[in-house]
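Excluded from the calculations below are hydrogen atoms, water molecules and symmetry mates; all remaining heavy atoms, backbone and side chain alike, are included. When a residue number appears, it is its place in the shown sequence, counting from 1.
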Amino acid sequence: MVFGLGRKSKKEQDTEPEESSVSAESGDTTQAASGDTGRRANGPFDVSEIASRDGYVDLGALLIEPSEGLQLRLEVEEATQRVVAVTMDLNGSSLQLQAFAAPKTEGLWDEIREQIGQSVGSQGGQVEEVEGTFGTELVAKLPAGAADGSQGYRVARFIGVDGPRWFLRGVFGGEAAMEREAAAPLEALFRRIVVIRGDSPMPPRDLLQLRLPKDASATPPPSAPELKEPERGPEITQIG
């Protein structure tokens, strides 16, 4: 598995959906409890639900299981130089991950889907809600310039999972955004992610802290993540 620090291109930054703040209010707690039962059985997992952290790549708020051919890219906020997202690249597709603090008694995904849809619409894009592997998902089509100068669109598939006091969002890019078969390997890795919320009080929708692995080195031993020098990345809008 290759591990690197990088940034998105300006073109990718310009076409990424902007997200405005929407306060979390009431939710369907019965439905949330049912969804959490499925999550505990199938993942992603809370750190309290695993026996050991051994064997994972430790990125602070997220533990990721290594896999053959997987490359991890940490995205750094330019203004603060803090790590705000991690992207999993595999077989020509990508899955960006961000974890957030959430209320104890209700989930965030229903409101966030609506928020993303409004943001995409304001940018001239279109969204469609579909039922997928992780429940209700959003498929967004965003205007984007093609390599030949013509106007096209970029497809992004949003998934969200509500956990105990945390929310994990994933955004598929490349073939995985359009083809379920291409997305299957990344979906399997997403299910094996472990979220570490921590005990500190945090406002809902605050980003959980990501960081480089403690044992990061420029020349890793075989099978260990390969690290590159950090580069500045674009600011990634938080949820809230």
Side-chain angles (χ1 to χ4, degrees), residues 1-5 32-76 82-90 93-104 106-109 112 132-135 137 157-172 176 183-202 204-216 220 223-227 236 238-239:
M1 183 179 72
V2 178
F3 190 103
L5 271 165
S34 175
D36 195 54
T37 299
R39 180 203 58 76
R40 288 197 301 269
N42 302 308
F45 300 102
D46 185 76
V47 68
S48 65
E49 298 162 348
I50 62 171
S52 171
R53 303 186 188 189
D54 293 344
Y56 291 95
V57 178
D58 185 348
L59 301 177
L62 298 178
L63 302 179
I64 295 179
E65 186 174 291
S67 179
E68 183 68 28
L70 176 65
Q71 179 176 350
L72 300 179
R73 291 184 287 114
L74 297 184
E75 297 174 23
V76 180
R82 66 171 178 163
V83 180
V84 293
V86 57
T87 297
M88 309 169 72
D89 292 320
L90 184 66
S93 294
S94 65
L95 174 58
Q96 185 203 68
L97 305 168
Q98 288 183 296
F100 302 84
K104 292 181 180 180
E106 58 189 356
L108 296 176
W109 183 220
I112 289 171
T133 309
F134 300 94
E137 305 174 354
R157 175 181 153 217
F158 293 80
I159 59 175
V161 173
D162 290 301
R165 299 173 62 232
W166 52 258
F167 169 73
L168 180 63
R169 189 188 71 176
V171 186
F172 288 96
L186 283 171
E187 288 182 353
L189 288 171
F190 184 81
R191 286 200 179 279
R192 297 198 289 272
I193 289 172
V194 178
V195 180
I196 303 176
R197 162 62 175 79
D199 298 324
S200 301
M202 295 181 68
R205 303 180 179 230
D206 267 15
L207 276 169
L208 301 185
Q209 186 174 356
L210 294 168
R211 58 168 172 75
L212 280 168
K214 293 180 180 179
D215 57 351
S223 76
E226 178 183 333
L227 296 173
I236 297 178
Q238 295 188 37
I239 301 177

Should Arg205 and Ile112 be marked as a side-chain contact (heavy atoms from CB on, under 4.5 Å) after you check the CA-CA gap, both sets of side-chain angles, and the distance that decides it? CA-CA 10 Å; Arg205 303 180 179 230; Ile112 289 171; 4.0 Å; yes
Begin from the C-alpha positions of Ile50 and Leu63 and carry the test side-chain contact (heavy atoms from CB on, under 4.5 Å) through to its verdict. CA-CA 11 Å; Ile50 62 171; Leu63 302 179; 4.1 Å; yes
Verdict with reasoning, Val195 to Val47, per side-chain contact (heavy atoms from CB on, under 4.5 Å): CA-CA 6 Å; Val195 180; Val47 68; over 6 Å; no
Between Leu95 and Leu90, does a side-chain contact (heavy atoms from CB on, under 4.5 Å) hold up when you go through it step by step? CA-CA 9 Å; Leu95 174 58; Leu90 184 66; over 6 Å; no
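The two residues Ala176 and Ser93 have their closest heavy-atom pair at N-OG, 3.0 Å. Closest non-hydrogen pair, Ala101 versus Arg197, comes out as CB-NE, 4.0 Å. Here the closest non-hydrogen pair linking Ala102 and Phe167 is CB-N, 4.1 Å. Pairing each heavy atom of Arg191 with each of Phe45, the nearest pair is O-CE1, 3.4 Å. Here the closest heavy-atom approach between residue Pro66 and residue Val57 is recorded as CG-CG2, 4.1 Å. In plain terms, the two heavy atoms of Arg157 and Ala183 that are nearest each other are NH1-CB, 3.4 Å.
A distance of 7.0 Å separates CG in Leu97 from OG1 in Thr87, rounded to the nearest 0.5 Å. Leu108 contributes atom CG, which lies 9.0 Å from atom CZ of Phe100 (distance to the nearest 0.5 angstrom). Atom-to-atom distance recorded for Phe134:CZ and Phe158:CZ is 15.5 Å, nearest 0.5 angstrom.
Considering only heavy atoms from C-beta on, Met88 stays 4.5 Å or farther from Phe190 through its side chain. Side-chain contact between Leu208 and Met202: present, with at least one pair of heavy atoms (C-beta onward) separated by less than 4.5 Å. Within the 4.5 Å cutoff, the side chain of Leu189 has no heavy atoms near those of the Ile64 side chain. Inter-residue side-chain proximity for Thr133 and Ile159 is flagged as unmet; no heavy-atom pair is nearer than 4.5 Å. Inter-residue side-chain proximity for Arg211 and Arg82 is flagged as unmet; no heavy-atom pair is nearer than 4.5 Å. Taking the side chain as every heavy atom from C-beta outward, Ser94 and Asp89 approach each other to under 4.5 Å. At least one side-chain heavy atom of Glu49 sits less than 4.5 Å from a side-chain heavy atom of Arg39.
At most 12 heavy atoms of other shown residues, nucleotides or ligands fall within 6.0 angstrom of atom CD in Gln209.
No donor-acceptor pair closer than 3.5 Å links the side chain of Arg192 to the backbone N or O of Glu65.
Test Leu74, Ile193, Leu212, Ile196 against Leu59 for side-chain contact (heavy atoms from CB on, under 4.5 Å) and you get one pass: Leu74.
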